[in-house]
Amino acid sequence: MLTVQPLQPATFPVPGQFYMLQAGASYDPLLKRPFSYLSAENGSITFLYRIRGKGTRAIAALREKETISLIGPLGNAYPVPSGEFIAVAGGIGIASLFSLFGAATGRATLFWGGRTAGELLMTETVRGLVRTAVITTDDGSAGRKSLVTEPFREYLAVNAHLPVYVCGSTPMMKAVAALCSDAGARCFVSLEAYMACGVGACLGCVVKIRDSENHEGRFRSVCKDGPVFDASTVVWEGQ
Amino acid sequence: MLTVQPLQPATFPVPGQFYMLQAGASYDPLLKRPFSYLSAENGSITFLYRIRGKGTRAIAALREKETISLIGPLGNAYPVPSGEFIAVAGGIGIASLFSLFGAATGRATLFWGGRTAGELLMTETVRGLVRTAVITTDDGSAGRKSLVTEPFREYLAVNAHLPVYVCGSTPMMKAVAALCSDAGARCFVSLEAYMACGVGACLGCVVKIRDSENHEGRFRSVCKDGPVFDASTVVWEGQ
Amino acid sequence: MPSLSVNIGGMILKNPVMTASGTFGYGEEYAEFIDLNRLGAVVVKGLSLKPKEGNPVPRIVETASGMLNAIGLQNIGVDRFILEKMPFLRRFDTKVICNFFGDSVDEYVHAADVLSRTDGVHALEMNVSCPNKQAGWCVFGTDPAVLHNVVTAVRKVCRIPLIVKLSPNVTSIAHMAKVAEGSGADAVSLINTITGMAIDIRSRRPLLANKIGGLSGPAIKPVAVRMVWEVFNAVKIPIVGMGGIMTAADALEFLIAGARGIAVGTANFVNPAATVEIVEALEQFLVDEQVNDVNELVGSLRL
Amino acid sequence: MPSLSVNIGGMILKNPVMTASGTFGYGEEYAEFIDLNRLGAVVVKGLSLKPKEGNPVPRIVETASGMLNAIGLQNIGVDRFILEKMPFLRRFDTKVICNFFGDSVDEYVHAADVLSRTDGVHALEMNVSCPNKQAGWCVFGTDPAVLHNVVTAVRKVCRIPLIVKLSPNVTSIAHMAKVAEGSGADAVSLINTITGMAIDIRSRRPLLANKIGGLSGPAIKPVAVRMVWEVFNAVKIPIVGMGGIMTAADALEFLIAGARGIAVGTANFVNPAATVEIVEALEQFLVDEQVNDVNELVGSLRL
Ligand SMILES: Cc1cc2nc3c(=O)[nH]c(=O)nc-3n(C[C@H](O)[C@H](O)[C@H](O)COP(=O)(O)OP(=O)(O)OC[C@H]3O[C@@H](n4cnc5c(N)ncnc54)[C@H](O)[C@@H]3O)c2cc1C
Ligand SMILES: Cc1cc2nc3c(=O)[nH]c(=O)nc-3n(C[C@H](O)[C@H](O)[C@H](O)COP(=O)(O)OP(=O)(O)OC[C@H]3O[C@@H](n4cnc5c(N)ncnc54)[C@H](O)[C@@H]3O)c2cc1C
Ligand SMILES: Cc1cc2nc3c(=O)[nH]c(=O)nc-3n(C[C@H](O)[C@H](O)[C@H](O)COP(=O)(O)O)c2cc1C
Ligand SMILES: Cc1cc2nc3c(=O)[nH]c(=O)nc-3n(C[C@H](O)[C@H](O)[C@H](O)COP(=O)(O)O)c2cc1C
Ligand code: FES
Ligand code: FES
């Protein structure tokens, strides 16, 4: 977890948006990394992150009161559901959905999967924010031992009228999107992508999105046109 | 100041030797940096350093108990004086001479110059280790306002029988070496050089050293054949 | 106040700082972060006659102090650019330089013709060094005869200053610069990215969908500075230098090596305000060093 | 236990890990840090017939994730090497590869002749890519015809495996590799350093006394991997890959791209135990990935 206090007055983020963060002044790692904001209040912004590589290690090495460099808020937002909704999170994907739980008027039924219990951070806080939280792990170390798509599928079968919000690994999101499509449920995914700029300038983070004119899809940038897309418009390629 | 505790049993350093240090696992900065040891006792080694650039900034960012990577002890040593001697230090050059004050049987008369008082660290401790310490600064913020070579020259005039040990900037060492040569005093300099390997492998840190066969000088590595040289053998080039 | 203004092949820039093509979108993307009026010039993403899809993802991967990209020259095409992006760019008091490319001499000529007749476009930058493109494509920038042909042809239709952007993936970039000069280029810019590759050792697959990509960022700066210096010693036309410029100190290395203008690429991603900060620090450097005119620095390397 | 042994042009190495010439002295320098018996081969600092003084200082400068060097090929000469250094190297159960160069075809031939007849020297590595040397010198490695001549001449006198070390400062390294192969090389090694430059902006002087130097270290790894892959697709002789290898993961990128041996250069400076740690981690990787023979990895890139 990382809480930052912008030095200059900053724009307030809305659920689904993210920031590009970088700790340290070294050129290795060089690029900023994208992180959903977890919460934003009293002028400070909080992030929840998992250490993966160089960039997150540098963030973890920060001491209190040190400065971090960031750009944001970036990207579009989740269309805020007007009533009850379903959320599906994979591991740290919870960070992106977290702010939605507070912003939405209706409450969420959350399906949250991880490889092990250790990947599911702040479970108690999260439980307090949703109607029900169904937890799964690959190894059974927490909740049900299954893929998160299993209990979700069962629930969706009788709740396809609810909108579904998803953030997790690409294969998981692809699977959830397919289930929603079959069930006729609306589904919004917050996509993963390698990003260099975060502002739509480099075209590094693109994904193929269908529109009325073009069913094959056209490249849109995840950072600027996303990260949230209507799952039915996403062309899931080679993943 | 930095104190390190080797994870494996380490060789004990002798005055004049140095270590190559690197903090952090980033490739920027890439190379280790050379630092004289200040003192070594109870299995721990202490360094005194001034922040100059990337490498020293990374060292300064270390927290207690973090690991640092180092190679050493490296290089040759000051021939330990058997009696009284003269020491001339420029700024942080004191770090190299410091251990000699304790190791020598005789005591030192120290001439220590810096640009400003801020460059002269641990002055009280140093004073306690030497017979007399004559301090100079360029701006007069501590001691006499002059180059360190001024009071040294005066003292040398009547003490040319004492050996002189010098560590500081190249122009200062060159000047001291010239004064010693004129006065017929023995002089040992601990040379500065950019180093990549510190062990004599890259040939990056060379200096021209005269020998009986070759008055023009031949390249010797400061890291392996030095850093301490008899000043009368050093060919001071273009500095 | 020292003078920052420079003349790049007949085009007067208020200062030598430009954006590097492909790293600044069409200008809009960074307009909310910085005041585009502060820039010497905005160089837009490479344009082709027809829109281009570009490569599949992954298109980028970070490397030590650098990044590889294989965007594949995705762009909206000359027509949509003129229609949708130029009205925005015309609002600013900065020069607009259109980077463009083609996959045949004809396409180059056609694109140059249309762009150079577009109101508000002040110069063209010809990308002849496309390490991201397939097979035969690369030859434009690496074969002197081919380079001569395409530059000569474009020169005929181009009514505004023509900058030829050189590839570093050659034995002698100085020779290529001379060819560009001899074919009518008003200036050369360098360097484009250096071709590189990165491999995922578990899957044993390239980390870029396109297999190879172009290396940019601080990692390549020493190579870029060397090439600018070599080209400076070979041609008389002005040079726009780029490759790993992150700070004003980096920019100054290029100016001293012989660049009259400099472009900031990858640095925009790391710090959207990089260009403006460089303009400001450059000015401060001139004040500190008592240099009245930035042109005095150009090629002022002391040997 | 997986097999790590590789055959480089007829010479059998116990593992693919070598030292890169010029970064490991004559072996002695690192012998107190690591057990030389663990290495596939020790490649010594470039030798010439007569001792060479090398360049004035500064000879090295750090850059982002890399370093520039302009040592100027300082070395003690073939004779003193054989007399003073070979007795030490013969004590180890590892292959000794002598890197050498000359400033004329004659000198190359002469040095190769003497070295290849020296007891305990297992192979020669011909440095034809000397970005640190003055003027005309560079042509050996950048002109195909010159390369052909010198390799052909050396081949005639060289009784042991001959590795030709290629320069990356060319338009097509694959073409140069083919020329080396066609001229009788048993293997090629790549890449040598990429020519670069760095400038002190206050004094406006180059940071290296030699003005230009060779870039090495992690910064150049993507370029080196790409070149190894290109050469692998062009020649049949084995490749020794190098450029920025710091870890076993880096080494694996080179093997997968097509290198049969790899050399560790700048990494030795940062971590004297780098080579041995790479041997160990490489072995562990083979175990983890259930690969029985390291040769299975060579050129195993999946496209
Ligand atoms: C819009 C968005 C929001 C995100 N929000 C969060 C968040 O709130 N909390 C959080 O912990 N993470 C989040 N991520 C993922 C986060 O950006 C990566 O974990 C981070 O970039 C890893 O950087 P690193 O330098 O530590 O790892 P690297 O050294 O760059 O890579 C380490 C490993 O992580 C993988 N990886 C790196 N970046 C990505 C990426 N962008 N997508 C997929 N895999 C990647 C690599 O394949 C590699 O195996 C988000 C990503 C996006 C696109
Ligand atoms: C044998 C030896 C012993 C040393 N002992 C000490 C010591 O005990 N304490 C201490 O503070 N410093 C010592 N130094 C100097 C120290 O190595 C440098 O200050 C350090 O390398 C700077 O690294 P950096 O990354 O912070 O600076 P960089 O970013 O590398 O450089 C910053 C500035 O410092 C200058 N600089 C960097 N390295 C050197 C160098 N080796 N010689 C001269 N100028 C340099 C550069 O010109 C540049 O202007 C010693 C040097 C040697 C050769
Ligand atoms: C993501 C990306 C896209 C690029 N696209 C183009 C392009 O369309 N046309 C072009 O001439 N150069 C392109 N370049 C090259 C840059 O303009 C520049 O020459 C190069 O990146 C070196 O500068 P830098 O190190 O400051 O980034 C691109 C570079 C990057 C990183
Ligand atoms: C200080 C130094 C000296 C070198 N000397 C030689 C040499 O004498 N002969 C040679 O063929 N290559 C020489 N090289 C090049 C290296 O062998 C190697 O090709 C290059 O550094 C790339 O590998 P690396 O990035 O792992 O260092 C030298 C490199 C360095 C850094
Ligand atoms: S990260 Fe650059 S366009 Fe999305
Ligand atoms: S630093 Fe490498 S030889 Fe001295």
Side-chain angles (χ1 to χ4, degrees), chain B residues 8 10-11 19-34 52-56 58 69-75 170 191-209 214 216-226 234-239, chain D residues 19-34 44-46 51-76 132 205 207-209 213 216-221 244 246-247 250 265-273:
Chain B
Q8 300 143 4
T11 316
Y19 290 77
M20 298 290 288
L21 301 186
Q22 181 176 41
S26 167
Y27 292 149
D28 175 45
L30 177 66
L31 301 169
K32 290 184 158 56
R33 307 287 198 256
R52 302 268 316 241
K54 286 179 174 187
T56 43
S69 146
L70 60 80
I71 314 176
L74 301 168
T170 305
L191 297 181
E192 280 262 270
Y194 286 89
M195 293 184 179
C197 71
V199 304
C202 75
L203 304 179
C205 67
V206 297
V207 60
K208 279 229 167 127
I209 298 293
N214 189 323
E216 302 281 272
R218 281 213 193 109
F219 280 126
R220 295 265 179 268
S221 58
V222 171
C223 66
K224 180 108 180 166
D225 304 318
V234 177
V235 181
W236 304 91
E237 280 185 316
Q239 273 129 347
Chain D
T19 62
S21 176
T23 66
F24 206 72
Y26 300 109
E28 284 171 352
E29 290 79 356
Y30 283 102
E32 58 172 302
F33 295 99
I34 58 166
V44 302
K45 174 71 189 161
K52 268 190 88 78
E53 277 259 284
N55 291 325
V57 288
R59 290 178 167 188
I60 47 175
V61 55
E62 185 169 316
T63 63
S65 295
M67 62 177 280
L68 287 169
N69 89 77
I71 307 300
L73 297 167
Q74 178 182 339
N75 79 93
I76 58 174
N132 296 339
R205 286 184 201 284
L207 280 163
L208 294 173
S216 65
I220 68 169
K221 191 185 72 173
M246 305 293 284
T247 65
D250 297 333
T266 304
N268 292 303
F269 307 157
V270 179
N271 173 14

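Proteins get letters first, then strands, A, B, ... in listed order; numbering begins at 1 in each.
For B/M195, the part sitting under 4.5 Å from any heavy atom of chain D is the backbone (N, CA, C, O) and nothing else. Contact annotation for D/Y26: neither backbone nor side-chain heavy atoms come within less than 4.5 Å of a heavy atom of chain B.
Options D/M67, D/K45, D/E29, D/E62 differ in how many heavy-atom pairs under 4.5 Å they form with chain B, and the most are formed by D/E62. The choice from B/L31, B/V207, B/D28 that makes the most heavy-atom pairs within less than 4.5 Å of chain D is B/L31.
Across B/C202 and B/C197, no two heavy atoms sit closer than the pair N-SG, 3.4 Å.
In this structure, the separation between CD1 on D/I34 and CG on D/N271 is 9.5 Å, given to the nearest 0.5 Å.
Residues that satisfy the side chain to side chain contact (heavy atoms under 4.5 Å, CB included) test with D/L68, not counting sequence neighbours, are C/P222, D/V61, D/T63, D/A198, D/L208, D/L215.
Within the structure, no pair that satisfies the side chain to side chain donor-acceptor pair (under 3.5 Å) test touches residues 195-206 of chain B, not counting sequence neighbours.
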